[in-house]
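For reference, the structure is listed below as structure tokens.
Throughout, protein chains are lettered first and strands after them, A, B, ... in sequence-line order, and every chain is numbered starting at 1. This structure is a prediction, so every number in the text was calculated from the model and none was measured. Because only heavy atoms are used, hydrogens play no part in the values below, and waters and symmetry mates are left out as well, while side chains stay in.
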Amino acid sequence: MYFCPMNIEHFLSESISSIINELFCLTSSVNEIILQKTKKEFEGDYTLVTFPYIKASKTSPEKTGELIGEQLLKNNTSITKFNVVKGFLNFTLSNNFWLSEFKTISHQENYGIKPAKSSGKQIMLEYSSPNTNKPLHLGHVRNNLLGYSVATINKTQGHDVIKVNLVNDRGIHICKSMLAWQLFGNGETPQSSGMKGDHLVGKYYVIFDKEYKKQVQTLIEAGTSKDDAEKKAPIMLQTQEMLLKWESSDKEIIDLWKMMNGWVYDGFAISYNKLGVDFDKIYYESNTYLLGKEVVQDGLAKGVFYKKDNGSICIDLTKDGLDEKVVLRSDGTSVYITQDMGTAIERFKEFPTISQMIYTVGNEQDYHFKVLFKILEKLGYAWAKECYHLSYGMVELPEGKMKSREGTVVDADDLMDGMIATAKETTEESGKVTNFTEEEKEQLYNTIGMGALKYFILKVDPKKKMLFDPKESIDLHGNTGPFIQYAHARIKSILRDYNNTTDITISDNITLHEKEKELIKIQYDFAKILEEAANTYNPAVVANYTYELAKLFNQFYNECSVLKEENKEIKQFRIKLIETTANIIKNGMLCLGVNVPERM
RNA sequence: GGUCCCGUAGCUCAGCUGGAUAGAGCAACAGCCUUCUAAGCUGUGGGCCAUUGGUUCGAAUCCAAUCGGGAUCACCA
């Protein structure tokens, strides 16, 4: 059974609301009371801003604060003192109040995390969605980490999250790699070349592009216009021919397609595994790209769509602040949004119990999803308002945007390997792993390297574009994943020395050290942080929280000794306090897909 | 041109459902290891929160305009 410690803010607000109502003849409700945590420079735990009440109190902000403060003190034994600075009433909760809060927190194995599937809400979350013509790069890394993390965070709220991947495995761009391999590959395979499958296919995609440019140039030199040359380059015509063959299920082409996609999937499996992401279901566009055509007919009958003179079918969204959008070409074939409509409808049919659909896709497609959701709404699907575009900003490099054609993309595999290598280097220098086995060492390097990478990316608000500076990303100091992992390892080291933490009962006679109280307060926040992160689809909230927690622990560690504390009751309390801290650090980091080591 | 997003310390980012003297990390400088892991802790310097106006007792936060940067507006995906 999950239970929350007493909701402090709610209990205080209730008390304050009844006081000001009585004192100033107001009829405020609990929700209108705005409480905030007292700033560090002032004494107190919580602060009430009294400016809003000076009209009713007909006196100064200071006096108003005094009046409320005196009443609070009288009515609540858990409030021990207060002070007023201008319009701010700061009051302090008793030692035992915080101690009892801590007991509630520490008695739960996973404070703040609700049991799996306990909320009754089911969410489908799509992320990753790679193309099978090239390996994953830094942009995909942000997508994957974000999707996985948001899924994990939503699970902590008791939601049932179905993680899905929609693989773009067909189309003209896939044929480009296939054709280039056919023309220039000489039968090269991942086995024969020792190259990872997705990289091998990506290599031919690049080769295609080079050859294509060359042919276009030749045509231009022969007097063809640029536009014509780009359309008529032989290799491009061949590609289009190949796509037609694919669509008519030509056996040779299908076999080639299956073989090369198989290479790519083998490669992706390795990258996904290293990234630590997984899926409950994988969709392939080769199976879904024809979906949505019946829906277009349906919408036409309903009058949502209309047919233009040239035969194409459109929707007019100008009244909704959007434009006119084609949903079916004049030759009757689908456009991209057609299959997105069909796929969404199909998913809600296949999983009738899902109440929300989240798409993890970059913000360059903001407009696309606005249109998609609007169309679904107009078609009359009630769940359309539960569709959410988890839009994230682009990842940029110090030298600017990544351009695959200019070879400035950061490859996901190289990136991960580089991070792990750096972790290895730094760890070896520290000389802390001399008694580790080889397997333990490898695992630790992996944990630290991937922890650094994941934290670096997830600590930034997903909505914002982010700069990826390789030099900065491999830093293991300060606001980084390894900093937090280190705090965890330090705690575990103490707990190992202490041995048995299970039969500790926390004494009621402990005077809290300042840092101990701060630790309890921040631990208490964890449940709310998870809720907020889930509601706003924002792993950065959890990342920044976990960093604050680790930083606070380090301060505590510096000021208070645990094992050398002579008072047995304090020592036992501190053991429990750091045990809970480690647990929250671990659970917070797991929300980001980051593991924490026992030793480092 | 229309629509949308973003401008906070030298750099990377928090803070944005309005509240006290705007916070971290990196970089720079100065301290702290015979004491539970120094991947740590403490301190110093560094800011017209892009600009201007408005709303308010109170604006980095809300509104408008301007400037600067980006995305998008295909019978592409």
So what does Phe483(A) hit on the nucleic acid, given a heavy-atom distance under 4.0 Å: a base, only sugar-phosphate, or nothing? sugar-phosphate
NA contact type, Asp469(A), heavy-atom cut-off 4.0 Å: base, sugar-phosphate, or nothing? nothing
I want to verify the glycosidic state of rC33(B); is it syn or anti under the 90° rule? syn
Centroid distance below 5.5 Å plus an interplanar angle below 30 degrees: do Tyr486(A) and rG40(B) meet both conditions? no
Determine which nucleotide pairs with rU61(B), using a 3.5 Å limit on both distances of a Watson-Crick or G-U wobble pair. none
The nucleotide from rA39(B), rC57(B), rG40(B) with an atom nearest the side chain of Phe51(A) is rC57(B)
Distance-only polar pair, side chains of Ser57(A) and Thr64(A), donor-acceptor under 3.5 Å: yes
Under a 3.5 Å threshold, yes or no: a donor from one side chain and an acceptor from the other, between Tyr392(A) and Asn143(A)? yes
Val460(A) has its side chain closest, among rA77(B), rC73(B), rA14(B), to rA14(B)
Describe the nucleic acid contact of Asp366(A) in one word from base, sugar-phosphate, nothing, applying a heavy-atom distance below 4.0 Å. nothing
Under 3.5 Å, is there a donor-acceptor pair linking the side chains of His368(A) and Asp340(A)? yes
Can you tell me whether the side chain of Asn90(A) and the base of rA20(B) have a donor-acceptor pair closer than 3.5 Å? yes
Which part of the nucleic acid does Lys432(A) contact within heavy-atom distance under 4.0 Å: base, sugar-phosphate only, or nothing? base
Scan every strand shown for a Watson-Crick or G-U wobble partner of rU12(B), both distances under 3.5 Å, and answer none if you come up empty. rA24(B)
Separation of the P atoms in rA22(B) and rU44(B), to the nearest angstrom: 15 Å
Quick check for you: among rC36(B), rA20(B), rA39(B), whose closest atom lies nearest to any side-chain atom of Leu563(A)? rC36(B)
With a 4.0 Å cut-off on heavy atoms, is Lys463(A) in touch with a base, just the backbone sugar-phosphate, or nothing at all? nothing
Considering every strand and a 4.0 Å limit on heavy-atom distances, what is the contact class for Tyr547(A): base, sugar-phosphate, or nothing? sugar-phosphate
Does the ring of Phe88(A) lie flat against the base of rA20(B), closer than 5.5 Å centre to centre with planes under 30°? yes
Do Arg490(A) and Phe553(A) meet the cation-pi criteria used here (NZ or CZ under 6.0 Å from the six-membered ring centre, within 45° of the axis)? no
What interatomic distance, in whole Å, is found between C1' of rA14(B) and the corresponding atom of rC73(B)? 33 Å
